[in-house]
Amino acid sequence: MPSLDRNKLSLLLHAEEQLFHKDHPVSYGLYQRARKSLHGGVPMLWMIRWAGSFPVFVKAARGAHFTDVDGNDYIDFCLGDTGAMTGHSPDATVKAIREQIEKGITLMLPYEDVIWVGEELQRRFKLPFWQFALTATDANRFVLRMARMITGRPKILVFNYCYHGTVDETFITLDEEGAPISRPNNMGPQIDPVHTTKVIEFNDVAALETALSAGDVAAVLAEPVMTNIGIIHPEAGFHEKLREITRRTGTLLIIDETHTICAGPGGYTAAHGLQPDFLTLGKPLAGGVPAAIYGFTEEVSKAFNEKLALDDADVGGIGGTLAGNALSIAAMKATLQNVLTDEFYAQAAKLQEYFTAGVEGVIREFNLPWIVKRLGNRSEYWFRPTPPKNGGEAHAAIDVELDRYMHLYALNRGILMTPFHNMALISPATTQADVDHHTKVFREAVQSLFG
Ligand SMILES: Cc1ncc(COP(=O)(O)O)c(C=O)c1O
């Protein structure tokens, strides 16, 4: 098996950085200007985490491609980290947005369309009651409040290296001895999450049993397949155990489908018959217009109603003035009806299999100790020979320099991968030619390192 020459990697990375500078002079100029008014030169902190030393400024995006201000064209496999999994500005969503804009954008009153959306969510996810938010973060915050209110229990439980948005209680990890600590660089927490949250490794049934047996956990908040530290599949029987133990201990189960909606039209939940008490989802629901949802069971709805003081519903910690606004509902209806369809999922999963086969072919050709993991229309490559079983193992496999090189090599050749790991999503507009280009560039990158 070939080993990675770190000196060579450093030199190659330096050369890619120079190439990036040469090919992006207009972006560079804009970045310098942006730094004078925007903290870090970007509107949102994450945008400085790309592989180039400054962000690419976008001129226009449509379907699976975008162009930058320097005239470079890119295939977008990042797709707004799932926010644009529908492809950029899908026709049906754009049409609905245009029509709705003429009829009002936000009112704090419902239009009839919202009932269609509620019924469609019932059909897809098999949960009877729904509420709307603007971001998946908010959806998660709100259901955590509901869960604590209903159960009267103070704590929540999450899996090591999860990500559920900027939800304060979730920024907790396990240290090398397996003790819970506030996640490194947790910015100004109101309270140390070790007081609010239990954290265990994914797939660890024994730890789950112990953590929930104390009866002080209101809810487990989980992605059904971990995605934010890379794709980590549940082991056989894990979800059955998770459901059985949560039920037995009176703990509510929240399944966050924000990324795993890549697994099918009803997410991983519908595809695998999970039975959560709550389900949350945001990002691609409205084709990129801010929109999120949270659904729950009849029992949760009843228990919540019994404790809810309607007169104070607007100041109880669940809200968002713009939540359920007419524009996002119209966009959500059009997107669910026309874009995130059964046909899309079937076709995208097939193309993703083709993507994965291309990458695996290169890995085999060069005999690399790397693997590719896939979930529906999402995949990513890992610089380790076996799939990690949990977040701790996955985190230990991160190779920052190699990761940066693979991203930048791709970016310099017209391919955008998701910045926090080597993840690729297939949209309705992604073509076989787009995938072939990725396979070719991936092979060239590997050749430059190991050839
Ligand atoms: C699983 C999961 N849940 C929730 C969120 C939060 O989404 P948002 O940042 O749109 O609120 C994310 C964001 O990456 C996520 O990956």
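Whatever order the structure lists them in is the order used to number ligands and atoms, beginning at 1. We number each residue from 1, following the sequence as shown.
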Practice item. Output the distance between atom CG (Leu13) and atom CE (Met406), rounded to the nearest 0.5 Å. Key: 12.0 Å

Check your understanding: Going from OH on Tyr31 to CG on Leu38, what distance comes out if it is rounded to the nearest 0.5 angstrom?
Key -> 10.5 Å

Would you mind checking which non-hydrogen protein atom is closest to [atom], with the distance to 0.1 Å?
atom                    : value
atom 14 (O) of ligand 1 : Lys283 NZ, 2.7 Å
atom 3 (N) of ligand 1  : Asp256 OD2, 2.6 Å
atom 11 (O) of ligand 1 : Thr137 OG1, 2.6 Å
atom 7 (O) of ligand 1  : Ala136 CB, 3.5 Å

Revision key, fill the gap. For His259, the ligand 1 atoms with a heavy-atom partner under 4.0 Å come out as 14 (O), 16 (O)

Point to revise | Proximal ligand 1 atoms for Glu223, defined as those under 4.0 Å from one of its heavy atoms | key: 1 (C)

Practice item. May I ask you to check whether Asp138 has an N/O atom sitting below 3.5 Å from an N/O atom of ligand 1? Key: no

Check your understanding: Does an N or O from Thr227, backbone or side chain, lie closer than 3.5 Å to an N or O of ligand 1?
Key -> no

Revision key, fill the gap. Closest heavy-atom approach to atom 16 (O) of ligand 1 among Asn228, Thr258, Ile261 is made by Asn228

Review point. Heavy atoms only: which of Ala139, Ala292, Ala291, Gly165 is nearest to atom 5 (C) of ligand 1?
Key: Gly165

In terms of the angle between their ring planes, are [X] and [Y] parallel, tilted or perpendicular, with boundaries placed at 30° and 60°?
X      : Y      : result
Phe159 : Phe202 : perpendicular
Tyr268 : His272 : parallel
Phe355 : His438 : parallel
Phe442 : Tyr381 : tilted
Phe66  : Tyr74  : parallel

**Study point:** Sole candidate of Trp116, Phe125, Phe142 that passes ring pair (Phe, Tyr, Trp, His ring centres under 6.0 Å) when paired with Trp130
**Key:** Phe125

Check your understanding: Hey, is Thr82 touching ligand 1 through its side chain, its backbone, both or neither, going by heavy atoms under 4.0 Å?
Key -> neither

